[in-house]
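Just so we're on the same page: letters track the sequence lines, and every chain starts at 1.
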There are 2 protein chains.
Amino acid sequence: MVVQGEISDVAALLGDPARAKMMVALLGGKALTATEMALEADITPQTASGHLAKLLARQLITVQKQGRHKYFQLHGSEVAALLETLLNLSANIDHSTVKTGPKDPGMRQARVCYDHLAGTQSVALRDSLLGRGILVEESGQLALTGAGLAWFKGRGVDIETLSKKPRPLCKNCLDWSERRHHLAGALGAWILSDLLEKKWVERDLDSRTVRFSDSGTRQFSKTYLEA
Amino acid sequence: MVVQGEISDVAALLGDPARAKMMVALLGGKALTATEMALEADITPQTASGHLAKLLARQLITVQKQGRHKYFQLHGSEVAALLETLLNLSANIDHSTVKTGPKDPGMRQARVCYDHLAGTQSVALRDSLLGRGILVEESGQLALTGAGLAWFKGRGVDIETLSKKPRPLCKNCLDWSERRHHLAGALGAWILSDLLEKKWVERDLDSRTVRFSDSGTRQFSKTYLEA
DNA sequence: TCCATACTTCGTTCGCCGCCGAAGTATGCC
DNA sequence: GGCATACTTCGGCGGCGAACGAAGTATGGA
């Protein structure tokens, strides 16, 4: 009996189309039930149940039981990062002819990437923050400047608390559709939750798409995009 | 016929134990021939040939033909990063009881991680550079300081040239055996090649292990580890 | 020219695993 | 209690694909 975890075991779990679909569905960040994921992957609940048991055994996902429902989530951002890497690598194939990313224009424009925003809007956001000296990029790494610290504090962000988390504050994340970096990390996560709380954007019920309201677009643009 | 690359296709390639072994063998950074990899994975050459064709089709590896030999390598550091992530995730399983990393003490101490150094020595290296103000870490991101720039220039590193490459200069890379970060990126790669060129370390012929010579240990310690 | 070596292609076997139907357990609502 | 819903377990079917033997194609050296 093999005790040591083999790299092929983990990869094989993601190598099944149904399981992969289920995992990508979880990339949306929402906790999903077993039946929801079964629908997502076009399989019966009992098949999904088997898959979920395997994913749990390898600790790629976590469960929370709530009455007769079981809510599944990705096991931390490490697993999410693995999925992102896979998405980018699989999109890279034959990059001369194949259009990258989703076809849905709404999803191209703005979608959830585990816990932060992705899509054209989010690439524009990163560009703007860099252009205004709120963020700097040094040898491929993002960092908050002193001016940026003040700026975010003025917007009500508790940077000290965010910094204490065991994850980078700012992080580049390669955008699946845009092929450019957008802002991830604790700060990226904060911005998304802030947008949701302020109701500038609204999550689609059954996809990763997020929709900007009319006033949300205006306010987002004024706050984050205009110099 | 599916044109768009599916994430499960890539994962499935790494999901086969034989193929996974072949890919991990390439993590050593050396180009290998088909038969060498067949030996590594305990399969016959014709089976390996089939695997390699599939890996090539998905552009996870590259070939270079040289006479009757074919030399295979990983297709860039993106693929290497994917393998690293998988290694770490699979080692994470049952972390309460399972010893992580390799059993070979030499390999624990120093080994090659695609193009840079890994193992206890390399973790010590990063700690020392941070402690001496040559590198700084800001919200999980490594960066070279002004003092560090001067220090590396004094050691003959052409930082300008290194910075021009489309990859981060300094990068944290989670160490498989140590579970702590070591130094990766263009600078990490430069240090390894410098150690090899100066003959302070020598690569093992058929593993990822690198061995420090007696004088190499002394000089490495004096140069990089002592304040 | 002849042989050895490196790699590939083809055909066959065989085991694993994803899948569903049917039946079983837990939970909540009326 | 009775019924619906969510999830699980079991058993058997079916197909994909990894593996090797055998034979075929390049390359290099004697």
Sidechain-backbone polar pair: Arg111(B) side chain, Ala118(B) backbone, donor-acceptor under 3.5 Å: no

Mind calculating the distance between CG (Leu52(A)) and C1' (dT9(D)) to the nearest angstrom? 15 Å

Does a nitrogen or oxygen in the side chain of Thr47(B) sit under 4.0 Å from OP1 or OP2 of dA19(D)? no

Specify the closest pair of heavy atoms between Ala110(B) and Phe212(B), including all atoms of both residues, with the distance to one decimal. CB-CE1, 3.8 Å

May I ask you to say what Ala18(B) touches in the nucleic acid, namely base, sugar-phosphate or nothing, with a heavy-atom cut-off under 4.0 Å? sugar-phosphate

Check this one for me: any side-chain N or O of Thr44(A) less than 4.0 Å away from OP1 or OP2 of dC19(C)? no

Any donor-acceptor pair under 3.5 Å from Ser49(A) side chain to Pro45(A) backbone: no

Send over the distance from Gln46(B) CD to dG21(D) C1', rounded to a whole Å. 7 Å

Ignoring backbone atoms, test whether Lys65(A) places a side-chain nitrogen or oxygen under 4.0 Å from the OP1 or OP2 oxygen of dT27(C). yes

Between Ala41(A) and His69(B), which is nearer to the 5' end of DNA chain C once each is assigned its nearest nucleotide? His69(B)

Can a side chain N or O of Arg19(B) be found less than 4.0 Å away from OP1 or OP2 on dA18(D)? yes

Taking atom P of dC19(C) as reference, at what distance in whole Å does atom NZ of Lys54(A) sit? 9 Å

Report the residue from Leu192(B), Leu117(B), Ile191(B), Val210(B) that forms a side chain to side chain contact (heavy atoms under 4.5 Å, CB included) with Ser122(B). Leu117(B)

Please confirm whether the shortest side-chain N or O distance from Lys70(B) to OP1 or OP2 of dT27(D) is below 4.0 Å. no

Want to settle it: does Asp42(A) or Thr35(B) sit nearer the 5' end of DNA chain C, counting the closest nucleotide to each? Thr35(B)

Atom pair distance, as rounded to whole Å: CG in Leu55(B) and C1' in dA18(D): 13 Å

Rounded to whole Å, the CG-C1' distance (Leu39(A) to dC19(C)) equals 16 Å

d(NE2, His51(B); P, dC16(D)) in whole Å: 18 Å

From CE of Met37(A) over to C1' of dA6(D), roughly how many Å is that when rounded to an integer? 15 Å

In whole angstrom, what separates Ile43(A)'s CD1 from dT8(D)'s C1'? 14 Å

Do the side chains of Arg155(A) and Asp194(A) get close enough for a salt bridge, i.e. N-O under 4.0 angstrom? yes

Ala48(A) near the nucleic acid: base, sugar-phosphate alone, or nothing, with a heavy-atom cut-off under 4.0 Å? nothing

